[in-house]
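Encoded as structure tokens, the structure appears first; notes follow it.
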Amino acid sequence: MRPTTLLPLALLAACSAPDDPKATRSAPEATSTAPEAPQPPTQTPVTARDVHEDNDLYVFDYSYPAAAGAIPALKDLLDKELEKARADLKAEAANGRAEAKANDFPYHPHSHSVEWKVVTDLPAWLSLSTLVGFYSGGAHPNYAYDTILWDRIAGKRRAPVDLFTSKAALSAAIRAPFCKELDRQRAKKREGYEPGGGIPEFEECIDPAEQTVILGSSNGKAFDRIGVLVAPYAAGPYAEGDYEVTVPVSARVLAAVKPEFKGTFVAR
């Protein structure tokens with residue numbers, strides 16, 4: 001913005017005689033002040049969201065990182081999911097407490113927790129994962145995995161398996177290395193114990209594509225590894241907990257990728 005004295009001084013200089021000392025002094029002074037540089041608009045900083053509520057009825061936790069909050073459509077999706085999860089928990093907890101009172105047994109607060117974390121942040125993709133924990137009065141808490149693969153170009157959420165020609169094709173491409181690593185982890189956990197707790201199903205391999213599949217990157221440019229998150233009871237008894245298996249993107253995996261997403265992957 002120009003100083004408010006500029007216009008009167010300029011007019012004065014134009015109307016004064018050339019030999020008027022006041023005019024010859026004032027004009028240069030008026031033009032020597034440079035305009036102020038324009039200031040950028042104030043921006044609201046993008047921050048992660050972290051909600052925690054703990055009371056006699058329930059315990060609720062929900063958070064997501066700034067990388068997700070920086071994408072308006074994704075932020076809106078997560079905020080809506082947060083509100084729905086909180087409302088559902090309140091309703092279920094209220095019903096649980098009423099039932100406990102009617103049957104004269106102790107009530108233990110219900111809980112729900114979600115903590116979204118960045119798996120991979122690429123120019124065209126944001127890959128997130130979370131462990132969803134919940135308790136509704138049973139013998140012990142339970143948990144499951146979830147993932148979000150955000151397509152920055154299309155501006156929408158995609159399921160990781162949707163980048164492949166089919167779920168069966170993905171399963172066939174990673175099954176061998178997945179099963180090998182799963183059995184290695186099983187053996188380590190079961191050392192000194194009866195394998196699988198004596199349950200035959202826990203001795204067999206499981207379909208990796210039916211678990212929570214996440215896409216990762218070691219180079220920050222393209223997906224070059226695939227993670228398979230296995231919740232309790234899927235590959236072993238509850239006492240064994242979860243399993244996390246990572247396999248590299250191979251030529252066989254690339255062959256299973258849909259043509260439009262080929263450039264998103266690279267073999268290791």
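Within 6.0 Å of the NZ atom in K258, the count of heavy atoms belonging to other residues, nucleotides or ligands exceeds 12. No more than 12 heavy atoms of other residues, nucleotides or ligands shown are found within 6.0 angstrom of NZ on K101. The number of heavy-atom neighbours closer than 6.0 Å to CG of D76, taken from other residues, nucleotides and ligands shown, is above 12.
A distance-only check finds a donor-acceptor pair linking the side chain of S127 to the backbone of L215 [under 3.5 Å]. R152 contributes no side-chain N or O that, together with a main-chain N or O of I71, makes up a donor-acceptor pair within less than 3.5 Å. Without hydrogens or angle criteria, T120 side chain to S217 main chain gives a donor-acceptor distance under 3.5 Å. Counting only distance, with no hydrogens or angles, the side chain of S111 and the backbone of F134 share no donor-acceptor pair below 3.5 Å. In this structure, Q185 contributes its side chain and E244 its backbone to a donor-acceptor pair below 3.5 Å. Looking at T147, its side chain never comes within 3.5 Å of a backbone N or O of S129 through a donor-acceptor pair. Put simply, the side chain of D224 gets close to the backbone of S218: a donor and an acceptor are under 3.5 Å apart. Remark: the backbone N or O of A70 is not paired with any side-chain donor or acceptor of K75 at under 3.5 angstrom. In this structure, K167 contributes its side chain and E210 its backbone to no donor-acceptor pair below 3.5 Å. Of the possible donor and acceptor atoms, none in the side chain of N103 sits under 3.5 Å from a partner among the backbone N and O of F105.
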Carefully, step by step, assess H112 and D88 under the rule side chain to side chain contact (heavy atoms under 4.5 Å, CB included).
CA-CA 10 Å; H112 184 91; D88 289 347; over 6 Å; no
Please walk me through it: do L149 and F223 pass side chain to side chain contact (heavy atoms under 4.5 Å, CB included)?
CA-CA 12 Å; L149 180 62; F223 296 126; 3.8 Å; yes
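F265 and F164 have their aromatic ring centers within a separation under 6.0 angstrom. You'll find the ring centres of H110 and Y107 inside the 6.0 Å limit.
You'll find the side chain of L229 stays beyond 4.5 Å of the side chain of D242, heavy atoms only. No side-chain heavy atom of Q211 sits under 4.5 Å from any side-chain heavy atom of Y145. You'll find the side chain of W125 stays beyond 4.5 Å of the side chain of V119, heavy atoms only. Between E181 and V247 the shortest side-chain heavy-atom distance does not fall below 4.5 Å.
Scored by the side chain to side chain donor-acceptor pair (under 3.5 Å) test, E53 finds Y58, R86 as partners (sequence neighbours excluded). Partners of Y238 by ring pair (Phe, Tyr, Trp, His ring centres under 6.0 Å), not counting sequence neighbours, listed by chain and number: H140, Y233.
The hydrophobic cluster containing L78 also contains V118, counting ILVMFWY residues as joined when their side-chain heavy atoms lie under 4.5 angstrom apart, directly or transitively. I206 and Y243 fall within a single hydrophobic cluster, where Ile, Leu, Val, Met, Phe, Trp and Tyr are joined by side-chain heavy atoms under 4.5 Å apart, directly or via other members. Clustering ILVMFWY residues whenever any of their side-chain heavy atoms sit less than 4.5 angstrom apart, transitively, puts I174 in the very cluster that holds V249. Hydrophobic clustering of Ile, Leu, Val, Met, Phe, Trp and Tyr side chains at less than 4.5 Å, counting indirect connections, unites Y64 with L89. In the hydrophobic cluster analysis, where Ile, Leu, Val, Met, Phe, Trp and Tyr join through side-chain heavy atoms closer than 4.5 angstrom, L254 is grouped apart from I214.
Using a cutoff of 4.0 Å between basic side-chain nitrogens and carboxylate oxygens, D146 and R157 are scored as salt-bridged.
A donor and an acceptor atom, one from each side chain of Y62 and E81, are located under 3.5 Å apart.
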